[in-house]
Amino acid sequence: MMIEKMLVLLMLCSLSWSCASELPIDDPSEGRWEQILLKDAPPRRDLLLACEYAISQAGYPKGTTDAVRDTVFSDWKVHLHPFRNKGMRYKAIFRIFEDEGNNEISVRSRVIAERNIEEDDTLTARAAEWEAVDDDPGQSRVLMQFLSSQLFLRGS
């Protein structure tokens, strides 16, 4: 009986740990998001494909697409540097929101940035220790430009 309780407790702890390590994408107030509004949006799948292509064109490694959460993630783009605190990595995110009242689609982008704080082995990705820093709004705007060009938007 005691073993079952310990297993349940261990399972709950592991679930809470995995949820805590996820990127904060559900709260659009978290981080620095760029946004465009689409009045005549293409079908959802085409919009997700355009987001994937924009991430690819911006030079990010292929990540994952979550069609249920209407989210497209890149993998980490890593820039190692020989000096401490100079190496960076970036993850691009697109998120699609639907405003039923106005019949508009909102597409938001965010680029999460992290700095390598490893002191000794700064040029080895496996040894890197990453620390979160402010989002990169410039790279997020670049993502939006690539998306706008995919959707043939002018003046967005």
Side-chain angles (χ1 to χ4, degrees), residues 15-99 102-156:
L15 285 175
S16 67
W17 179 260
S18 66
C19 292
S21 65
E22 266 189 38
L23 294 171
I25 63 161
D26 287 328
D27 184 7
S29 65
E30 179 78 27
R32 299 181 73 182
W33 294 86
E34 294 292 321
Q35 173 177 303
I36 58 173
L37 293 173
L38 304 173
K39 293 192 185 301
D40 297 323
R44 186 64 49 108
R45 184 63 196 146
D46 292 344
L47 193 53
L48 288 171
L49 285 172
C51 291
E52 288 176 7
Y53 191 70
I55 284 175
S56 172
Q57 288 298 106
Y60 291 89
K62 183 172 174 51
T64 59
T65 299
D66 186 349
V68 174
R69 294 169 72 181
D70 292 328
T71 307
V72 179
F73 295 97
S74 73
D75 202 1
W76 288 104
K77 178 166 61 169
V78 179
H79 297 286
L80 296 174
H81 198 277
F83 300 108
R84 191 180 101 190
N85 292 331
K86 298 291 183 184
M88 298 290 291
R89 72 178 183 174
Y90 303 94
K91 180 181 280 277
I93 302 172
F94 274 109
R95 187 83 199 271
I96 300 170
F97 296 92
E98 189 168 346
D99 185 2
N102 293 337
N103 203 19
E104 291 180 336
I105 300 287
S106 167
V107 181
R108 298 179 184 158
S109 71
R110 176 181 180 200
V111 176
I112 298 172
E114 292 184 352
R115 174 179 42 224
N116 184 6
I117 58 172
E118 168 62 31
E119 294 181 15
D120 298 323
D121 195 6
T122 59
L123 290 175
T124 305
R126 197 174 303 155
E129 291 183 40
W130 300 104
E131 172 186 68
V133 295
D134 289 336
D135 290 355
D136 191 329
Q139 288 194 37
S140 187
R141 283 190 294 275
V142 168
L143 280 174
M144 278 302 193
Q145 287 298 319
F146 278 113
L147 180 64
S148 296
S149 70
Q150 288 299 307
L151 302 174
F152 303 108
L153 299 177
R154 297 175 193 252
S156 295

Could you tell me the separation between the [atom1] atom of [X] and the [atom2] atom of [Y], rounded to the nearest 0.5 Å?
X	Y	atom1	atom2	value
I96	L48	CD1	CG	4.0 Å
I117	T122	CD1	OG1	13.0 Å
R32	Q139	CZ	CD	12.5 Å
F73	T64	CZ	OG1	5.5 Å
I93	S74	CD1	OG	7.5 Å
E34	D135	CD	CG	10.5 Å

Using a 4.5 Å cut-off on heavy atoms from C-beta on, say whether the side chain of [Y] contacts that of [X].
X	Y	result
D120	E118	yes
I36	L147	yes
Y60	D75	no
V107	R95	no
I55	F146	no
V142	Q145	no
W130	N116	yes
L47	L38	yes

- Message: Do R108 and F94 form a cation-pi contact, if we require the NZ or CZ to be under 6.0 Å from the six-membered ring centre and within 45 degrees of the ring's axis?
- Response: no
- Regarding R89 and the six-membered ring of W76, is the cationic atom NZ or CZ under 6.0 Å from the ring centre and inside 45° of its axis? yes
[X] versus [Y], closest heavy-atom pair with distance:
X	Y	answer
E114	V133	N-CG2, 4.1 Å
L143	A58	CD2-CB, 3.8 Å
P42	L151	CG-CD2, 4.0 Å

- Query: Can you list the residues that meet the side chain to side chain contact (heavy atoms under 4.5 Å, CB included) rule with S56, with sequence neighbours excluded?
  - Reply: none
- Query: Mind checking what makes side chain to side chain contact (heavy atoms under 4.5 Å, CB included) contact with A127, not counting sequence neighbours?
  - Reply: D121, T124
List the atom pairs, donor and acceptor, that lie under 3.5 Å between side-chain atoms in residues 77-85 and the rest of the protein, sequence neighbours left out.
residue: H81; atom: ND1; partner: F83; partner atom: N; Å: 3.2

- Message: I need the full list of salt bridge (charged side-chain N to carboxylate O under 4.0 Å, His left out) pairs touching residues 46-62, with sequence neighbours left out, sorted by first then second residue.
- Response: none
- Note on the structure: With sequence neighbours left out, the residues meeting side chain to side chain donor-acceptor pair (under 3.5 Å) with S109 are S140
- Item | D70: partners by salt bridge (Lys or Arg N to Asp or Glu O under 4.0 Å), with sequence neighbours left out | R44
